Amino acid sequence: MIFAGLVGAILWNLLTWLLGLPSSSSHALFGGLIGAVWVGAGEQGVHFDKAAEKILIPAVASPIVAGVAALLATYLAYRITARAREKSVTRGFRLGQIASASLVSPAHGTNDAQKTMGVITLTLISAGALGHDAGPPVWVIASAGLAIGLGTYLGGRRIIRTMGKGLTDIRSPQGFAAEAASTTVILASAHLGFALSTTQVCSGGILGAGLGRKLAEVRWGTAGRMAVAWLVTLPAAALVGGVSASVVKHGGTFGTVVIALVAVAVASFIVAASRRNPVHASNVNDHHEVTVRTATPAGVGTAA
Amino acid sequence: MHLDWTALGEVAAVSVGVTVAAVVVFALGVLGLARVEAARDDATGGDALGFAQATLCFLGCAAVVAYGIYLIVPQFH
């Protein structure tokens, strides 16, 4: 069941990554698990109240809060430094960005790495490899951290282009404000146990920073596509998770193997498609569109 | 469905407050730094006030960052 949930989450994440859309891996994970549990254990297996309270409300609220905070901060930052020399100001904020960007990472880790560890530990417990009240072992913690770092290093630049150029043209004071807003929102809500999406918080912060600088154009088309991707993430991953779960349930071991093979095939197809139009360090800031030259593999996430 | 609006409001208020405060303080620090650099280029020597302002503001930001790290790492509690 957890396997089916993971398949749903992974496939959906890869597809949105190919399109350069920052979708929430957290929501894909929740969606995949909810779908798999629904099919496997029936409707009563899902705590919809809990899901709404801990996922839906923060999902809507957190990007808005981050956006408002970044908007105010950007506006004030430009206001305060308006009369100073632009060269000095840009350099100052650029140095500050090193600190603020570094802070986003641990905030991101406190949130997203924990979810990965949680799911892996859950798998180990259900497989009987760990006791029922065991915490995540050290190797799980280490590999979850390593996997997140590697994934960002290998594939992050597609998302960087959308975030840094696609939404709005980000200058260093805006970047600083957006990062400060993202970090505080993530840390504040992690304290209260809201499972929010770092992806959505950062996007909200960047949008706010774009609005805070006068004359900065916000590309609402890109923002709209991202919003649609967010809305679809949970149900789509739930659908893939549910279908996988039913195949596993009715097909037994054979079904599990089939699902695993299909997942690997779709994943390699997506990676191959991304190769045709790579985004790397030397061209990451050239355009604001992440294009896929081949025909978009539409519905691949749901067809699996 | 029970919603904890107080917690939600708290998160929103704290986030906006801390973000705006930190960025404003940092911007003031950058402003001080820019003044020091301008004074140096004009060959009028240094700008003691600007330098003090920059130092104070950057120290303030460093304090916020340190508190944030303190909150993240459970071993410090």
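Note that the coordinates shown come from a computational prediction; the quantities given were computed from them, not determined experimentally. Note on naming: letters A, B, ... go to the chains in the order of the sequence lines (proteins, then strands), and numbering restarts at 1 for each one.
Contacts with chain A were tallied for B:L33, B:T19, B:L31; B:T19 has the most, counting heavy-atom pairs under 4.5 Å.
Residues meeting the side-chain hydrogen bond (donor to acceptor under 3.5 Å, both in side chains) test with A:S100, sequence neighbours left out: A:E179. Residues passing the salt bridge (Lys or Arg N to Asp or Glu O under 4.0 Å) test with A:R91, sequence neighbours excluded: B:E37.
Between the side chains of A:T184 and B:S15, no donor-acceptor pair is found at a separation under 3.5 Å.
Exactly one of A:L76, A:T74, A:V68 qualifies for a side-chain contact (heavy atoms from CB on, under 4.5 Å) with B:V20. That residue is A:L76.
Residue-level contacts of residues 53-64 of chain B with chain A do not occur; threshold 4.5 Å between heavy atoms. Within residues 22-30 of chain B, the residues having any heavy atom under 4.5 Å from a heavy atom of chain A are, by residue number, B:V23, B:V24, B:F26, B:A27, B:L28, B:V30.
With a threshold of 4.5 angstrom between heavy atoms, A:I80 approaches chain B through its backbone and through its side chain.
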